Structures are given as structure tokens and as C-alpha cells.
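First the structure, in the form of C-alpha cells, and then the observations on it.
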Amino acid sequence: MAGQEGIKPLKLLFTLLSVILLSALTVFSIALWDDVKTSQYDKLYKQNQTLISQSRSFFDHQTRLIVKTVQARFIDKKLQKRSVSNVFEYLLSATGEAAVFSLIDIKGKVLLSKGDINPPQLPSQNTVLENLKVSQTAQIGYLHRAGLLGESLLPFYVPILNKDKKIIAVVVAFYRVQGKSSLMQNFISPDNNTIWLLGELGQVRMSYPVPKGFVSDLFGWRLAQETASEIQYNLQSGKTKQGLELEVKGEQVLANVGYLPEYKLITLNSYPVAKLFSSWLERMRPIGIVFVLFLLAALLAYRVSLQISKRMSDAKQTAEGNVQKLSKAIEQSPDSVVITDNLWSIEYANSHFDLATAKPNAHDEARGHNIIDFPPYNVLTRDLKKISDEISLKGSWFGERKTDFDGKWYSFSISHITNPDDELTHYVVVVQDISSRKQAEAKLYKQANFDPLTGLPNRRRTNENLTRELQNAWKSKQQVAVLYLDIDNFKTVNDTFGHMIGDQLLQLVAGRLVKCCKGKAQICHISGDEFLVYATYDKIPEVESLADKILRNVEKPVLIEGKQIFISVSIGISCYPEDNNEVAGLIKFADIALFESKKDGRNRYSFFDHELDRRLKRRHTIETELRQALERGEIYMAYQSKNNIDTGHIMGFEALMRWNSSVLGPVGPFEFIEIAEEIGVINELGEFALRQACLDLIELQKFSDTPLIMAVNLSIRQLNDDSVIDMVDGVIKETGIDPSRLELEITESLLAENIEKLLPRLEKLLEFGTSLTIDDFGTGYSSLSYLTTFPVSTLKVDRAFVKDMVHNQGDATLTHTIITMAHALKMKVVAEGIEDEDQLAMLRDFGCDIGQGYLFSRPLIHKEMEILVETENLPNTRALNDSLT
Ligand code: C2E
Ligand code: CA
Ligand code: CA
């Protein structure tokens, strides 16, 4: 593998380094060992020299001493035994090392002994003595033991010669080899090395320090024969500086030997190799540590570099793998991939190029040709300059194009390749067939933005389109009219003819709208039966004529499945920027205007106006607030007096409802009664009014002697069902009011319209004993026939006539006629809204019975009305009245 090839030299380097280092260490350690050994040998040699000279001087001295002292005791070859004994005593005291001195004859017989212990037995076959006879010099004997368990002693034979140089006796000095005053005490080596004194044949004479188990060992060990002879040979040939390696008592030692020829004594000192080794080791240690550390460091470096190189090789391998995969991916890519030079000449194309171009083997033949020679790439022909510019600026270009020849969609993704100098060398062009995606997108777009039934833009789309339209209008300082259309009575059509017909109708209306708005306005289908049309305009009449045209075009009756259906639309219009400058606001205001059109009878258009908006909002608030007004105690009653026209006396009152809203403040009854009727709270309010009026009448009656009448307004809505009968009955019973004192006021116009339906209920109410007043008389229906069908007690002339009667002859005449007619029918007449004396005077002339108006009293709360009633007869009533109102 490529990676391992990279590792090989490294391994070799490391091994080589290790081998070199190891060899160096080995050479060094050997040299060091030699050095240690040599220096040890040197030391041993010097020691040995000392040992020799020490031994020599000891034995020489002993010899001289013995000879000198003993020889003198031989007088004429005759031994002076006693005298010798004295000498021995002296010698013993002078020589601490000596344990015994014996005098023997030449045959070995002991003549005399002196010492601390019994003299040891000398051997009968005494080779030492034989040698001594020959050499006539002092000899060192074999190690001796005094008795079986006695002390080990080294015998030293010193010949005593006469004048003729003949041996006359021999003195044997026995030296201690053990203990404090042992012989070797003098020869202590500086290093405490073991020293040996050996005989010529390697027999042990002495050893120091005394080995353990000395007795047996000392006798048992001797130098190997060959070693001994070698030593001897060497010594004889003058080689005194000898280094030896021996095994002494199982221990490997370095040794040096010296020779003391006079006494045939080999001196041997030794040093254990083990100890030498440890000192070598001691000196080797720092180097060893350095070496080991170095080796470890090298090993570490080796490992690390091994890892790095492995990683590098892995990365390289991955990269190589990636390149392989990449080329495979490009080859097998579902997209067509083309690489061109910087002039768009094809250098490479993958096999999908064939598919894109719809030419077999095109990717091979394309090489060298310009890319735009091939469809679908030719769609870029026009843009190529622009694309090149953009790529050189941004590095890439992306675009989607539809081809002319097969109508397919392709996405183009082009990026550049640059050389190290950042010069563009190649383009990589990736092309994908995105036709199916485009189709799906188009479908989705249609679903999201268009109404499936009419195919017109839906609300979502409308918002976007209209927003754009407003932006354009803002730029070009134009105005935009937004027309909100709603098919009239569409729900009824749907309910009557079914949804299928309903849908057909919608499609038909949409078609008509499209036809009549073509080139003039945009149409959208907002939802259900609602459409939105918008158009720019200069002057309002243009909008009006558009709205007219729409109304006219839609209006024509249609025949759907054999059924003739009349259709129409209502239109609400809002204008940009006059009414609002946002889409949502414009649509909302057009919708408000639409409401107005619907209210005004459909099949028409209305422009939005802000007053209308304000009114609608107020109405909405009233609706909400009114539902809670009663329980919040915001509703209360006011009373206006009804006075005798002639005398001015209070005859009774009209109960008028008041609402002091916590949100809107005081709201007039004209405004809220109508809404109360519409939202269905009039019944509760009416019941409250009736009950309160009855209760208050009972209170007011306490302040007057005249039987007073309370008139309560009854909404026509209250008469819509039978519950009103129980309600009135219940209140009468509950309050205990005399029903004949109760008067119900019903507005003329509404009553007349519904008289047939209401008559039975009215009759029931009258049966309780109450009376009936027709309110606002003269404004409503012309037919007065109903007046004869049931007993109306009073007519109340509308305020409008009273208001103008003084100056308007017509109103005066009408009022007069009403009064005359009423009287003819045995009815009384009340005139309301009397504000001045002229009106009063005229009414008095006409014979009117009762008057009501600010001239007599404003509507007052019942506490105030109590005062008015109580003070009525006082002379300054008018003034009081004024002060109260
Ligand atoms: P309405 O029944 O025709 O009541 C007479 C209205 O004329 C009252 O207005 C009264 O304040 C006003 N008025 C009286 N004298 C004069 C005058 O000299 N000059 C002028 N300019 N106005 C005068 P109000 O209180 O605003 O009531 C308006 C209408 O609300 C009533 O007209 C009645 O139709 C309705 N309404 C009031 N209270 C009730 C009620 O309790 N139940 C029902 N169903 N409707 C009520
Ligand atoms: Ca009234
Ligand atoms: Ca009235």
C-alpha cells in the first residue's frame, strides 16, 4: 500500500539509529568495563607490591631477629637451653603475631618450646625442613593446626647457622593467622580486598580477611594446579604485573599475583568481579539512563511520526477515494455535467449529456465543440455574455430556462475553475431537467392562487395583485377604485335551486364580469358569491360608469337548466388613496359601502364615506352595549307632562326612556330604540318602561287631586307576539295600577301597515281597560280606515306639523283637519312638540284637547316631575317649570 511505503524509510531510520546507538553503547560499555578492570588491576598490582614488600620486610625482620637472638645462645656449638628459653620469651613479647617459638634439631626433634599454647606437632616427613637444609634459608611451612580444634598457626622455619655455615638448629615461629594479633594484621589492604599468601604450588598459607568457615575452607582450597604453574612460570620469567581472573571458592574474582622468591611465597590479592561489575554499572548508569531516555524519545518520535504519516496516508487515501467516487458520481450523476474551457468549448461531458441533448454518444463527439451548439444549452446563447460576466464576478451563475423546441424546463448551474493565479480556466455546467417540478409548481401555484370554480384569482392572489397595483399607482400618482361585489340573494338561489345551479350561476356571473371589465379592470373571486374588481382611474365618473356597466351586464336574467333566474349584484366602492392607502383598509371600506348598497335595496352601488363608517362603528358599539344596559342600571325613565290646552293643567305624562351608557354617554331613544328592536332587546326594555312608568305614576298621583294618565310608548315589535298581553297584564297586576289610567302609544305608520295582524292583540290589550293613542299621526299611511275598526281614544299630531304650523298654511290646515276629524270620530287630540305660545294659541283655536311640549315641560325624572305636579297650582308655575327644565 502507498501509505506503508511512506512508513518504511522511517522505520529503517529508527532501526538504524537504534542499532548505532546500541553499538555505541556496547562499545562504550566494553571500553568502560576494560577501563574499570584495568584500573582495578592497577590497584591490585600496587596493593600486591605493597603486600610483597610488607611480607618481605616482616619475614626478613623476623629472620634477622631470631637469628641474632638465638645464634648468640650457641656457644661452641652447645646450646644454652635456658638462655634460649629466655630469648623465646623475649621474642614472644616482642612479636605479638607469634603464638609459640620452638627450637628443633635438624632432624625435626623439638628441643625446646615456649608459647601461649602447647607447641604444635611438626610433621615427621618435613619437606620444609628438607628444603631448608638445602637452601639454608628461612622457609615458610604449611599451615598448621595446634591440636584437633586448636588454633591455626603458620610455622616459619629459621635456620641457625654456626660459623662454618652449618645448620645447628632450627627455630620455628608459629604465627597466628586468626584473631586480633594475627600475622596478616599488618597487611591490611586499602580496599579490604582479600589477600592470599600461597605456597609455590598454590597451597594456601594465609588469607585475609579470614573467610567464613575458615578452618575447613582454608585447608580445602588451593589454586588450581595449572593456574599455579602458570603463575609460577610467569613469575619466573619476570612478569610480575599479572592480571588474572580466577574462581575462588565459587566466586569470580580479578586477581593479581606477586612472588616473594626468598620465601617461595606467592602473594595474591583479588577483587570480586561482581563488585567490579556493580561499580561498572554505577558508571554506566547515567549513560544508560541517557541512552534509554534517548531511545524512548526516539521511539516516541517514531510512533508520533508513524501516526502522522498514517493519518496523512489515510487522508491521501480518502482523498484519492473521494476523487474516485466524485468522478464516478459525475459520471453517474442524473444531471448532465459538462466541463468547458474558458471559451465554452467542451472538454468533458458525462454520459447524461446524451440524454439532455437527445443525441446518442453526444458526450464523446461534443469534445472541442462550443456548448451552445447543443440544445438545450442553446437557450443560453443570448445570455452567454451576461452569464460569463456574472460568473467572473461571483464565481457562479444559476438560472432556469424553458427551451423553445420542446417546451421543457432546465436548470443551469454554472461555476468556474480557476488556476493558482486566479485566472478562469474552465466552466463546469450542470444541467437538470426540471420540467416535472415546474409542472407541479404551476399546479400548486394555480391551486394556491386561483378559485377552482371560476378560474379567477382568489383572495390571496388579490391581496398580492392589488398591493402591486397600489404600489404602481403610488409611483405614477394614479387613483385606484376597489369595487366589492356581492350577488344579491345568492343564498336564496342556492337554497332554492341547489348548489349545482349556484355554482353555474357563479361561473356565469364571473364570465359576465370578465367580459364587461376586459381591458378596464381586474377581477378576482374573493369567496362564495363575492367578487372584487379594481381599476385605476382619473375621475370619479369613470368609476361610476364602470359600476353601472357591471350592474347592467349582470342584471340580465339567465336560463339555467330551463329555469329563469333573475340576478343582480350590489357594489361597494372604496378609493385609493382617498379612503385608505392599504389593501386591507380599501377592501374593508368597500365592504362597508357594499352593506350600504344592500341596505338601500340592492342592485346598486355605493361609495364608501367616512361618516358612514363612523355611524356603523357607533351602531356596532350600541348593539354591544345595549345588551347589558338594563342589567347595569343604565336605563331609566323620564316623564313629560301632557297638559290641558285650555287651562294648562297637567293631565298626565308620557314616559320616555333614557339611556346613559357607561361607554357612549347619553344615547337618544331615536337611536337606541330602533337598534333595540332590531337586536331583539325591545321586549325587556319595554317591560321595564311599563313597570317603571306605572310605579312612578302611583307616586306622582300622590301630589295631585286630578286623576293622572300615564302614556307609555309601545314598539310595534313588542306586538309581534302574544307575550305582550301577558306582560302588560302582569305589570298591571303587579303594580296595582288602575288600567284606565294607562295609555299605550303606538306609532301610526307601523300600526297601519300591520293592522290586520295586530288587531286581535290590540283588542286584548284594550280589554284590560287601557286606552290607545296613535302616535306621530299624519306622517304615515293615508288610509284612515283602521281608525274605525277599533277603539282608538286619542290621536297625537306629529311634532313636524306643530313645528311649522304657525308659518306653514298647509301644516296648519292639516292639523286643523285632523282635530276636526278626530272629534268627529269621538277621539281626543294631543299636539306634541309645542314650544311657544303662538303654537299653543293656534292649537287652542283649532280646538285641540291636550298639549305636550317644552312649553309645558321638558322630560323630567320622576322626582323632578313630583315637584312640578305638587307646585302646579302655585302662581309662579311657569317660572318653576323653566327652572326645572
Ligand atoms: P315620541 O313618542 O314621539 O316622543 C316624543 C319625543 O318628542 C320625545 O323625544 C320628546 O322628548 C320630544 N319632545 C317633546 N316635546 C318637545 C318639544 O317641545 N320640542 C322638541 N323638539 N321635542 C319635543 P325622545 O324622548 O327623544 O323620544 C324619541 C322617541 O323615542 C319617541 O318619540 C318614541 O318613539 C321613542 N321612545 C321613547 N321612549 C320610548 C319607550 O319607552 N318605548 C318605546 N317603544 N319607544 C320610546
Ligand atoms: Ca310617544
Ligand atoms: Ca311622537
Side-chain angles (χ1 to χ4, degrees), residues 622 626 629-630 634-643 645 650 652-660 666-697 709-720 724 727-728 731 742-751 765 771-780 792-806 829-840 843 850-862 864-865 881-882 885:
I622 290 175
L626 194 55
L630 200 58
E634 292 170 3
I635 304 284
Y636 64 95
M637 301 308 293
Y639 302 98
Q640 191 175 29
S641 66
K642 290 186 173 184
N643 299 54
I645 288 266
I650 294 175
F653 318 94
E654 181 180 2
L656 294 162
M657 199 180 288
R658 294 291 176 261
W659 176 25
N660 191 12
V667 183
F670 277 121
E671 197 175 7
F672 76 80
I673 293 288
E674 190 189 327
I675 297 170
E677 285 173 344
E678 275 172 36
I679 65 169
V681 297
I682 190 66
N683 284 353
E684 295 162 51
L685 293 179
E687 185 174 346
F688 168 81
L690 184 68
R691 181 177 291 111
Q692 198 58 50
C694 291
L695 292 171
D696 287 341
L697 177 71
I709 308 283
M710 179 59 82
V712 179
N713 291 289
L714 203 62
S715 163
I716 201 80
R717 289 288 169 100
Q718 287 177 269
L719 292 167
N720 268 351
V724 70
M727 190 273 280
V728 175
V731 171
L742 194 59
E743 202 177 292
L744 301 173
E745 285 191 16
I746 300 169
T747 307
E748 184 213 5
S749 55
L750 297 167
L751 178 69
L765 289 177
S771 55
L772 193 69
T773 297
I774 304 297
D775 206 349
D776 304 336
F777 192 80
T779 55
V792 172
S793 59
T794 315
L795 289 183
K796 198 169 190 179
V797 180
D798 192 71
R799 207 171 69 216
F801 303 114
V802 176
K803 192 177 171 229
D804 296 330
M805 62 191 289
V806 178
V829 178
V830 179
E832 68 177 346
I834 303 171
E835 291 183 357
D836 56 44
E837 296 287 350
D838 292 345
Q839 293 164 338
L840 180 66
L843 287 164
I850 301 161
Q852 182 183 344
Y854 294 167
L855 185 66
F856 300 107
S857 121
R858 299 229 168 206
L860 303 171
I861 57 166
H862 96 275
E864 291 167 337
M865 188 52 87
N881 180 18
D882 288 346
T885 55

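Atoms within each ligand, like the ligands themselves, are counted from 1 in listed order. Source: prediction; values computed, not measured. Side chains included, hydrogens not; waters and symmetry mates left out as well; all remaining heavy atoms used.
Residue Asp775 approaches the Ca ion (ligand 2) most closely through its N/O/S atom OD2. Of all N/O/S atoms in Glu654, OE2 sits nearest the Ca ion (ligand 2).
For ligand 1, the atoms sitting less than 4.0 Å from at least one non-hydrogen atom of Ile834 are 18 (O), numbered in the order shown with element in parentheses. Below 4.0 Å from some heavy atom of Ala689 lie the following atoms of ligand 1, by number and element: 41 (O). Heavy-atom proximity to Glu832, at under 4.0 Å, picks out these atoms of ligand 1: 3 (O), 5 (C). Of all the atoms in ligand 1, the ones that sit under 4.0 Å from a non-hydrogen atom of Asp776 are 3 (O). Every atom of ligand 1 is numbered from 1 in the order shown, and the set under 4.0 Å from a heavy atom of Pro859 is 11 (O). Against a heavy-atom cut-off of under 4.0 Å, Ser715 is close to the following atoms of ligand 1: 44 (N).
Proximity of Gly686 to ligand 1 is not established, as no heavy-atom distance is less than 4.0 Å. Gln852 does not count as a contact of ligand 1, since none of its heavy atoms falls under 4.0 Å from the ligand. Distances shorter than 4.0 angstrom do not occur between any heavy atom of Glu677 and any atom of ligand 1. Remark: distances from the non-hydrogen atoms of Lys796 to ligand 1 are all 4.0 Å or more.
When each of Lys796, Glu654, Glu743 is checked for a side-chain hydrogen bond (donor to acceptor under 3.5 Å, both in side chains) with Thr773, only Glu743 meets the rule. For the side chain to side chain contact (heavy atoms under 4.5 Å, CB included) with Val829, the qualifying choice from Ile645, Val797, Leu843, Ile850 is Val797, the only one to do so.
In this structure, the side chains of Ile709 and Lys642 stay at 4.5 Å or more apart for every pair of heavy atoms. A heavy-atom distance below 4.5 Å is not found between the side chains of Val802 and Glu832.
Between the side chain of Asn713 and the backbone N or O of Ala655 there is at least one donor-acceptor pair closer than 3.5 Å. Using a distance-only test at 3.5 Å, with no hydrogens or angles considered, a donor-acceptor pair links the side chain of Gln839 to the main chain of Glu835. No side-chain donor-acceptor contact under 3.5 Å links Glu687 to the backbone of Glu684.
Residue nearest to atom 14 (C) of ligand 1, selected from Met637, Glu671, Gln640: Gln640 (by heavy-atom distance). The residue among Phe672, Phe856, Tyr854 with a heavy atom at the shortest distance from atom 23 (C) of ligand 1 is Tyr854.
Closest approach of Gln852 to Ser641, counting heavy atoms only: CG-O, 3.5 Å. The two residues Tyr639 and Ser857 come nearest to each other via the heavy atoms O-OG, 4.4 Å.
At a 4.0 Å heavy-atom cut-off, ligand 1 touches Asp775 through the side chain alone.
For the side chain to side chain donor-acceptor pair (under 3.5 Å) test, residues two or more places apart in sequence or in another chain that qualify with Glu678 are Arg619.
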